[in-house]
Each structure stands twice: as structure tokens, then as C-alpha cells.
Amino acid sequence: MNKNRLSTSITALLNAQLTKEAHASQIYLSYASWASSKGFGGVANFLFRHAQEERNHMMKFLEYILKRGAEVKVTAIPAPPPNPENLPQCFENIFTQEVENTQAIYALVKICLKEDDWATWEFMQWFVKEQVEEETLVMSLLDKMNIAGGTKASGDALYSLDRDLEKTADSARPAQDVTAENP
């Protein structure tokens, strides 16, 4: 008896997303190592935590595929891109990676709608919300970097930013949690 509840196309996309999450983890890990080697311990700490978060996302996809009776295909993870030249480029590259990840998630959601796979559509809603948080968080890092002076940031500004990132929360506050009393 076939217990697989996922279509071939959705299974392939879920497996591809599993690999994208593993790749994202590798990018964060690589950039965290780079930041640490440059003396940015706070930035490194922040990026190491996000590497683990992306790995957790990968595990959510793996577990979901298994629970729906389909086959997980663990494939090779592409190498991370070259190290950034500076902190602004690091954050810009991370933002680009997060936007690409969002686009892949949206494509998966779209196929779920097309195929009437409501269980997978529901599963994917967590990731839709998560990507809004991820993009918001990285946009705030880009804003802070620009305020600090971008590629011309002073040592004091970079030191302050590094210290702030060590304590920065790992997620942004969702827009739906904002009220007039608590903006």
C-alpha cells in the first residue's frame, strides 16, 4: 500500500527546499567564520546562531516529507559563496540569499495551491511568516550598517555594531503583533 501523500512535484520541491536550507546554513556558517577571523565576535555569534536556525529549518522539511510518507533525498550542498570583502557586503549577500529563499518558498506555496495540497500549504505558512521575519531582520542590519557609515564606518561605529549584534534577538517582531499602543 502506498502511503505517500505528496505529489511527485511537491516532493521534489520540498527536497529542493531542504537543500536550500542546508545551503543557507552553510552560508551563515561561512560568513560567521569570516566575521570571527576579522575580530567581529558579536557579528560571528549572531551569524553562528542563524546557521543553526537554518539547519533547524532543514530538519522541519526533512521531518515533514517523512511524515507525509514520501522519500527524502539528501543531495550535495553547494559551496558557500566567497567571503565578503566587508561587513556591508556580508549583510547584502545575506539579504540576497534570504530574498532568493523567500522566492523559492513562495513558488512552493503556489504549487500547493495549484495541486490542492492543503496540508503542505498549511505547513508552508510557517515558512512564509519566517521569511518575513528573516528579511525584516536583515533589512534592519543593513539600515544599522548604513547609519554606521557603510563601507566608510569608523572603528568605533563597527565596534558598537559588533557589540549590539552579539545581543540582537534572532528574530524580528512580526508586523501582526504591532498595535497602536505598542508600535
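Values in this document were obtained by computation on a predicted structure and should not be read as measured data. Computed over heavy atoms, backbone and side chain alike; hydrogens, waters and symmetry mates excluded.
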Beyond-backbone contact of [X] with [Y], side-chain heavy atoms, under 4.5 angstrom:
{"X": "S33", "Y": "F48", "value": "yes"}
{"X": "L165", "Y": "N45", "value": "no"}
{"X": "M124", "Y": "L14", "value": "yes"}
{"X": "E166", "Y": "V43", "value": "no"}

Do other residues, nucleotides or ligands put more than 12 heavy atoms under 6.0 Å from F95 CZ? yes
For atom CZ of R55, is the number of surrounding heavy atoms from other residues, nucleotides or ligands below 6.0 Å larger than 12?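 For R55, atom CZ is not crowded (no more than 12 foreign heavy atoms under 6.0 Å).
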Would the H57 and F61 ring centres measure less than 6.0 Å apart? no
Please check: side-chain N/O of [X] versus main-chain N/O of [Y], any donor-acceptor pairing under 3.5 Å?
{"X": "N15", "Y": "E71", "value": "yes"}
{"X": "S140", "Y": "L137", "value": "yes"}
{"X": "N83", "Y": "W34", "value": "no"}
{"X": "S25", "Y": "E54", "value": "no"}

Would you call R49 and E53 a salt bridge, taking side-chain N to carboxylate O under 4.0 Å as the test?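 Between E53 and R49 there is no salt bridge, as every charged N stays at least 4.0 Å from the carboxylate O atoms.
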Passing option when Y31 is tested against P80, P81, S36 for side-chain contact (heavy atoms from CB on, under 4.5 Å): P81
Quick one: which of Q97, E130, Q131 gives a side-chain contact (heavy atoms from CB on, under 4.5 Å) with T102? Q131
Once you measure the plane-to-plane angle for F123 and Y64, does it fall in the parallel (<30°), tilted (30-60°) or perpendicular (>60°) bin? parallel
